[in-house]
J.: 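Quick one: the structure is below, questions incoming.
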Amino acid sequence: MRVLIVEDSGVLRDSLSQGLREAGYAVDSVADGKRGLIHAQTTDYDVIVLDWMLPEMDGIEVVAAIRAKKLPAAVLMLTARDSVDDKVRGLATGADDYLVKPFAFKELLARVQALARRRHNQPSPMLCVGPLAINTDARTATTLQAHGPAITLSLTPREYALLCYLAARTGKPVTRAELEEHLYDDSSQVFSNAIDSAVAALRRKLDAAGCPPLIHTRRKIGYVLKECEA
Amino acid sequence: MNSIRRRTSVLVAASIAGLLSLGGLGMFLVVRASLAQQFDDGLLARAAALQSLTDAKAGKIEMDKTGAVMPWYHQGGDAEYFVAWVRDRDHWRVLAQSESLGANVWSEAGSSPRRVGVADCALPDGRAGRSLTAEFTPEIDPEADGEPNTSVRTTSPGDDLADTSVNVLTDVPVVRLVVAQSTAPLDRTLATIALSIVGVGGVLVLASIAATQWAVRRGTRPLVTLSASVATLGPDTLERRLDLGHLPSELAPVAGRLNDLLARLDDAFARERRFTSAASHELRTPIAELRMLLEVGLSRERTPERWEQTARDGLGVLDRAQRLTEALLRLSRASEGSQAALPDATIDLSAVLREQAARALDASGHDPSHVSIDAPRPLPARIDPALAASIIGNLIENALRHGDVSTDRAVRCVGTSDAAGTSIVISNHAPTLTAADIKHLFEPFWRKDAGRDAPGGFGLGLSVSRALAASVGASLEYQLSADKDVQAILRFRRP
């Protein structure tokens, strides 16, 4: 999942970026509203974390422009404005959620996860594909065995993000470019075979956990996650 | 509660009732006087009739008083009275009296001397009445002859009154006539008229009260409407204005002033909301920053170097929060409205100007050619030197920080002194500043398109500077010229 943070406080911007990256998100961050809108228009973000009071263009103007351009990203507004009128105004303009500063990082993470699920029409935090069960709240992936205990996969944040993204689109082919856009941020150095390497590593871990092949290659397209290849 | 409508209704109704009462009383008095005059005229006519029936012939004074001529003198409930005397030398003798008196003698009518004229009296039957006393000389019948002074015949009570005569010895007989009539019919008529006036007046008073209430209610309807509109105004509806279109000319100025007041209140509330919102934002952001630093730092194991960086970042946040708190305290103290103590001696502001320009240039890293100073010595002002340095230093820092500054477009500091006082003008080129921005320059936390990490501070400096200037009786204002040169004008009155 790829997240854009638009926040003019450098400390807050860096902390949020670090926390979300460590939670497995690909994160871009900018310091003003105008650049935030440019990023939102040029990249398919899953969630945009948007401060209200921004230089150049305030958060309300940015979210109004995002909705006017019918961009699908979910928007979480951050602000110190805590009055009901302010919240109503933010949500009425097009924000999907609203978080008042100061806030707990866990709460922000939970809201970002919920918005990402909603963005991909996935109401439940549990994703199940065959014997594979992914808990997006606990950020765990488990393979259920017919006989014996369930095995929890040990995945890197990138592998977990890849698995989640494919699982959210179970049965639908996902292109390499799309995977790159949602798994890597602007600061990442993405090699041409980065996606293939990550998929290969993920397949190995699934196989080692006794999971039947779930990730299938679509030649010249990308990959699809589903229970059995027809 | 004191009600204009009720008070006006009561006052108008009381006024109408009073006027109607006075009018009724006046009318009654006029009618009574008129009827009394008619009554007296009636008595006079009676007296004239009796006079016409009296003549002197052959030494006798006679009065022909047949019942047909004078039926109203017969005895009865509404009987009238008369008595006629004739003076015979020094004695008055009864010539004739009305049948209504019967055999009685009306002693009161004969009391002598009696003033000629009309007066109230008590009638022989005890009723109240009015009497006319007249004296006249009977006409002498030229066809009669004889000795007028030789015989006297007088009537006595109970005599036949068809014809009475008195022989008198005087050459010029004088007859005194008293005619009296009951005033009961007149009193009854007056009582009827008085009752009618009171009745009609009462109805008119009641009708006038109702009409007054209706008129007052209708007349004060715009006032009630205005009052209801004003009652709905509150802190949440300050953007609303009173509709002047339907108001009468007396209320339109009041509503206009209220609208002006609402506009000022709306502006003040908006400023207050912006300040509260900005202060809330500025105060909550450092807390959010520290919380994120620590929560993200603690979310997994970190290297000592990483923790050191987190601590440095945290100290930076705290440093900014401390500066913000101190700036807010300075603004709060400076805005309390108290006057700063003025020193006894004046200081030279040109020296302060030069010192602060050098300090600001040094702190900002600008080239010395980026500030030009034109300040002849001395520029006298009564102000604490530290206070003057704070104000002037802040203005120069702002010009260097936000202005389009270069060697060709230097910040200009010009000082002048004249009879009115001392002025310092600090100007710089500000291509992005608009006329609308000028009114926000002194608003706390106002920064034109600047984020928290921009080098513009908190947006409190100008608010503090203006409050400090006001505390020593000086003024600070900004002006923007057409070619986008913004001027900070600091004026001190002549010490």
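Lettering follows sequence order; numbering is per chain, from 1.
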J.: Kindly compute the distance separating CD (Glu7(A)) from CD (Glu289(B)), expressed to the nearest 0.5 Å.
T.: 7.5 Å
J.: For atom NZ of Lys205(A), decide whether the heavy atoms of other residues, nucleotides or ligands shown that lie under 6.0 angstrom number more than 12.
T.: yes
J.: How many angstroms lie between CZ in Arg284(B) and OG1 in Thr79(A), if you round to the nearest 0.5 Å?
T.: 8.5 Å
J.: For Arg67(A), I'd like to know if atom CZ has over 12 heavy atoms of other residues, nucleotides or ligands within 6.0 Å.
T.: yes
J.: How close do Leu293(B) and Ser15(A) get, counting heavy atoms only, and between which atoms?
T.: CD2-OG, 3.6 Å
J.: Where do Ala288(B) and Leu12(A) come nearest, in terms of heavy atoms and distance?
T.: O-CD1, 3.5 Å
J.: Keeping Glu295(B) on the side-chain end and Phe105(A) on the backbone end, is there a donor-acceptor pair under 3.5 Å?
T.: yes
J.: With sequence neighbours excluded, tell me which residues meet salt bridge (Lys or Arg N to Asp or Glu O under 4.0 Å) with Arg312(B).
T.: Glu308(B)
J.: Taking the side chain as C-beta and beyond, is there a heavy-atom pair between Ile287(B) and Lys101(A) under 4.5 Å?
T.: no
J.: Using the salt bridge (Lys or Arg N to Asp or Glu O under 4.0 Å) rule, collect all pairs that involve residues 110-120 of chain A, keeping only residues at least two apart or in two chains.
T.: Asp44(A)-Arg119(A), Asp97(A)-Arg111(A), Glu107(A)-Arg111(A), Arg117(A)-Asp137(A)
J.: Answer yes or no: are there more than 12 heavy-atom neighbours, outside Lys439(B) itself, under 6.0 Å from its atom NZ?
T.: no
J.: How close do Met292(B) and Ala104(A) get, counting heavy atoms only, and between which atoms?
T.: CE-C, 3.9 Å
